[in-house]
Amino acid sequence: MADSDVANHKTEVQLKKKRSKSTKKSLIAENEKRQKCLEILLKSNSLPQCVVNILKEELKERGQMYKMSMDDMEQFWQELHGYVRELVRQLLDDEGNVGEQICAVVNLLQHTALLHCVGESETFTQMAMVLNLAMTHETCQLQVKNEICKLSEYCCIKELRVPGEFYLNTFNFLFDYTLSEKETEAVDVKLAVKRMWEMHVALARLNLRTQTCEAVVNKLARIVVSPNYLACKEGRQFIAFTFTLDIKLIKKFHQAVKDFLPSCKRNQAVAYGEVYHSAWLNGSAEVRQALGSQCIQNLMTHMFVFPRKKQELTHLGHNVFAILSYLHHNRTLSHFSKTLSELYMPLLWRHLRSGNNIERCNAAEVFLDAYPLETPGSGKVEESNFMNKQHSEMFDLLTDNCHVVRIIAIKGICDKLCSAWRTFPPETIQVLMRNLIDLASDGSDAGVRRALYDGLAVLLLNPESAAYLARILPGLRDCIHDENEKVRKSFVRLLCGVKNMPDPPIKYWKIVTVNHLAARLELENLEVGSELSKLLMSNIYTADQSVDKFLFRLLNFIKISPRAARKLFQFSIKVLDYKNALRVMITILLNLRAHVKKKEAENHCPEQHQEENEVRQSVPKRKKRRSAEVLQSISENDQDGSENKENDRSKENQRNSSSCSSATEDKEEKDEYSQPGVAHALVDIVSLLWSIHSKSLADPSHEEDHNNLMDMACAGIPLFLKYYRGTSTYYAVVHLASFVPPDRLKSVSTVCSACVSHLKQVSEVTPPAELEVVVHALCSWGRFADIQDLVIDWLDQAFRCEGLNQSQVPKEEMKQRRVRFVAKGGKPMVALQLLDTVFGHPLNSTRVLNKSYNMIHDLYIYLERIKVVVERRLLGGLPLDSPMLSDNFLLKCMYRYAILTVVVERRLLGGLPLDSPMLSDNFLLKCMYRYAILIVVVERRLLGRLPLDSPMLSDNFLLKCMYRYAILIVINS
């Protein structure tokens, strides 16, 4: 037996067990309910004595009523008849609470009806009619009505001789009960819908064309659009049955469906497809014809003229298309398939050639969903010609002048090729694929190219079409560099589809080379980069591969493009989980540290060789005349002597000496880590993964992992800083060190002090990237005080020109700082650049605000002197040409002062969020407006006291200036 057969058998056994358990539970519940009803009846004083005796026997020993003869049961019903009439009278007169007793009697009657034939019992029928009449009374409770209705349903199904009013009362209650949404719970409604479906045969006995059934017809129209009926299978079957009741009511019910379609949900629209399909299958010939012409073809007619929003149908259009699509995909009967084709004939071809683009779009979507339209019974020649006509329409749709039609055609044709590849003739496939591939160069709309690659990805699901694509896809290699981002994303997903195939006929790197993929990854953002990361990551790292294999692949990829390697891990959040990312970080740190230690050991070897040469030079000249063999033996003795002297040294020095002895061989080998940019990229990858998974590392459950990672970093950072000093890798190591707390770095490295010393030497020509790394590291270590000291010292040199160089920073805080510089020359513009670097980065700004707010406030107070300098400049009128204090410096310093004002004022209000009433939009706008106006005034005066009506100071200029600075303030705050 196959595995699938075994699984199916197990599933069937499990279902039978579940059904048997549910059946047992229901039987137990029914028995408990019957016993409770018997106890309730026995408590009644007005119950006839003979009935009491029978009930006591039944209660004592279950099954006694089943042993009763038909005559005894008839006598039992006659005795019970009077009691039922009395209960109904009390119910109608509202004399006491008799609802519980009526429910018990109804339950008893149902039980006895199941035990004996009641078709010829007039007594039983009269009791059912009395109870049915009581069901229509207002004083009757809903629960009582429901129990009476169950008895009435039994009578209708068994075709007891009851009047038509009995049927109407039963159906009216069921209609109201199932259409109500407030009085009943959802579970009860579903059960009532199932009961309604069981009553559908009785409904056919009513003459719905009479005036007395007018209310029933109206409620049936409500049932057609009832969500309660559409939600369950029995309800949909009942709606389908209503369409077959009377041919004259089909149009009324269909109109109710059309009125409901604009607001119904997608799954409800699909349910209507099932309704029309079931009604057609179960209807008579007249009903089928009416359903086809009045319902299905009516929907087809509307479908072709629905408007579209951009490329998509409206909500109503989607719902109608869902109905038609259900019919298209359920053409199991040849007669039904032929009927659909006949219904489409007068409409489809006309709209496919329409001059209206929207009509052609709708027609193309319907045609490709309905393909293949069939005409069974018309002969092979006519069927073949009809199929060729449909293929010809596909060719025309792919070359349509409307790009939306082409997009729809691509999606539909690719779906059909995937699902029915063998049904297309080879010549047709060749023409279709040629037309599809030509659309890769369609420049009219990027959506066409995007749809093409999505469609080709669908074709990969079919092994036969995938084998065909293997010959075509290499010709699309340049499409990876498409100018549209969404198109590139679709193309990468196509490559992912090739990669994920169980047995791919072609490898994705034979379609697009790794060099092209790396070049593309360098330039991509998160949208496409994440897809490229999914494509490439498993070929570089997998959880089950060895470390050597991972490093070999990673280093090769870095040599192709270091920047692409960084992006690969930057976008790896979805493909590289926390555990694997931790493994990658530790592996890189361990191997890079081993490489650096090895290179340092090699660097010591030339020094030792130089010492040996000096010893040889001190030997008398006569000894130099020895042969080469003697010199070799002397050198060996010297080496042996040096080794004997080193026996007391540490094991680390022994490894260094052994590495020196083999340095010549290692230099001949190709050193992967020494390639340009490799080490820098490796350190950046560790930093990126550390940043991405910082929240996971901060989790208390991963404390051990975090400590191990920081130990690895602390062991390698000092070596990296020493070895890579003077290179770009040095700054990558500084950035890596910023993730380690300063307390753990203090014992192994002085990188914190080195960064402060580096800041002292920066100038205006220092690359911003280097400055950003150093400032970010100092902010992460809580060393903003050192940055502030340097900024104030440099600004003092500029303010000294105006005699405003007295610092207002409290001396107590200055004593607590570890480093204090006495600047030899001022760098005011560099000082402002440092402040922009701190507050221009959200993470740096947040860290400084949380840890060093008092220092920011002191800096804000210190920068207030810029207002005095600006005032003097405006009164003087002449531009400032001093290298230390220029007009450009005034503008930038005033801008920084305005931003600090917003930061300080926001924090003084308690660090409230922007949605706080105290930090409303009104407050922010006023604050931005005030300082923007101040900056505008300064720029106006610096431009030469031009009047406001000057073209250089027009209203447009003022508005743009205000807007620019307001936006900058919002971003930085």
Side-chain angles (χ1 to χ4, degrees), residues 266 311-313 318 321-322 324-326 328-329 361 364-372 390-391 393-395 397-400 403-426 428-442 445-477 479-480 482 484-508 510-512 527-528 531-532 534-535:
R266 182 70 180 273
Q311 298 181 6
E312 297 295 329
L313 286 165
H318 276 297
F321 182 76
L324 296 177
S325 181
Y326 184 91
H328 298 160
H329 293 86
C361 290
E365 194 157 1
V366 172
F367 165 62
L368 293 172
D369 188 75
Y371 175 87
Q390 296 179 62
H391 294 160
E393 289 294 336
M394 290 183 178
F395 304 152
L397 291 175
L398 288 174
T399 58
D400 195 275
H403 69 278
V404 181
V405 176
R406 296 197 297 274
I407 291 173
I408 295 172
I410 292 171
K411 294 179 180 178
I413 291 173
C414 289
D415 287 339
K416 294 303 177 181
L417 286 173
C418 178
S419 60
W421 178 268
R422 292 186 177 182
T423 62
F424 287 85
T428 303
I429 292 177
Q430 186 175 2
V431 176
L432 287 175
M433 295 304 299
R434 182 172 62 247
N435 291 343
L436 284 171
I437 298 304
D438 289 343
L439 293 175
S441 58
D442 191 325
D445 188 83
V448 177
R449 304 191 298 276
R450 181 184 177 189
L452 172 63
Y453 304 137
D454 291 340
L456 294 179
V458 173
L459 287 177
L460 294 175
L461 301 176
N462 188 323
E464 296 181 0
S465 58
Y468 189 93
L469 286 179
R471 306 193 301 267
I472 298 175
L473 290 179
L476 301 176
R477 62 175 61 89
C479 298
I480 188 67
D482 195 281
N484 187 272
E485 181 183 56
K486 294 182 179 180
V487 175
R488 296 196 300 272
K489 183 177 180 180
S490 296
F491 188 81
V492 175
R493 284 182 173 177
L494 172 62
L495 297 179
C496 291
V498 174
K499 175 185 175 182
N500 296 331
M501 292 181 64
D503 187 16
I506 186 174
K507 301 297 183 182
Y508 73 88
K510 292 185 179 180
I511 301 174
V512 180
E527 189 73 17
V528 184
E531 297 295 331
L532 284 169
K534 291 180 185 178
L535 178 67

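Predicted model, so just to flag it, every value in this text is computed and none were measured. Heavy-atom basis, side chains included; hydrogens, waters and symmetry copies ignored.
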>> Show, in sequence, the C-alpha distance, side-chain angles and deciding distance for Leu456 and Leu473, and conclude whether the side-chain contact (heavy atoms from CB on, under 4.5 Å) test is met.
In response: CA-CA 9 Å; Leu456 294 179; Leu473 290 179; 4.2 Å; yes
>> For a side-chain contact (heavy atoms from CB on, under 4.5 Å) check, start with the C-alpha distance between Asp482 and Phe491, then their side-chain angles and the critical distance, and finish with the verdict.
In response: CA-CA 9 Å; Asp482 195 281; Phe491 188 81; over 6 Å; no
Quick one: are [X] and [Y] in side-chain contact, heavy atoms under 4.5 Å?
{"X": "Ser465", "Y": "Leu417", "value": "no"}
{"X": "Cys414", "Y": "Leu436", "value": "yes"}
{"X": "Leu459", "Y": "Tyr468", "value": "no"}
{"X": "Leu368", "Y": "Ile413", "value": "yes"}
{"X": "Asp369", "Y": "Leu324", "value": "no"}
{"X": "Tyr371", "Y": "Glu393", "value": "no"}

Closest non-hydrogen atom pair, [X] against [Y]:
{"X": "Ala364", "Y": "Val405", "result": "CB-CG1, 4.5 Å"}
{"X": "Pro474", "Y": "Ile506", "result": "CG-CD1, 3.7 Å"}
{"X": "Leu439", "Y": "Leu452", "result": "C-CD2, 4.0 Å"}
{"X": "Asp445", "Y": "Gln311", "result": "OD2-NE2, 4.1 Å"}
{"X": "Asp442", "Y": "Arg406", "result": "OD2-NE, 3.0 Å"}
{"X": "Leu476", "Y": "Ala440", "result": "CD2-CB, 3.9 Å"}

If I take atom [atom1] from residue [X] and atom [atom2] from residue [Y], how far apart are they, to the nearest 0.5 angstrom?
{"X": "Leu460", "Y": "Asn462", "atom1": "CG", "atom2": "CG", "result": "10.0 Å"}
{"X": "Asn500", "Y": "Leu495", "atom1": "CG", "atom2": "CG", "result": "11.0 Å"}
{"X": "Met433", "Y": "Asp438", "atom1": "CE", "atom2": "CG", "result": "11.0 Å"}

All side chain to side chain contact (heavy atoms under 4.5 Å, CB included) counterparts of [X], not counting sequence neighbours:
{"X": "Arg450", "result": "Asp454, Lys486, Val487, Ser490"}
{"X": "Val431", "result": "Phe395, Arg434, Asn435"}
{"X": "Pro504", "result": "Met501, Lys507"}
{"X": "Val458", "result": "Asp415, Cys418"}

Partners meeting side-chain hydrogen bond (donor to acceptor under 3.5 Å, both in side chains) with [X] (sequence neighbours left out):
{"X": "Thr428", "value": "none"}
{"X": "Tyr508", "value": "Asn539"}
{"X": "His318", "value": "none"}
{"X": "Lys416", "value": "none"}

Pairs where [range] contributes a residue and the test salt bridge (Lys or Arg N to Asp or Glu O under 4.0 Å) is met, not counting sequence neighbours:
{"range": "residues 465-475", "result": "none"}
{"range": "residues 455-469", "result": "Arg422-Glu464"}
{"range": "residues 492-503", "result": "Arg493-Glu531"}

> salt bridge (charged side-chain N to carboxylate O under 4.0 Å, His left out) with Asp400: which residues, sequence neighbours excluded?
Replying inline: Arg360
>> Working note: Tyr453 + Lys489, criterion side-chain contact (heavy atoms from CB on, under 4.5 Å); need CA distance, chi angles, decisive distance, verdict.
In response: CA-CA 9 Å; Tyr453 304 137; Lys489 183 177 180 180; over 6 Å; no
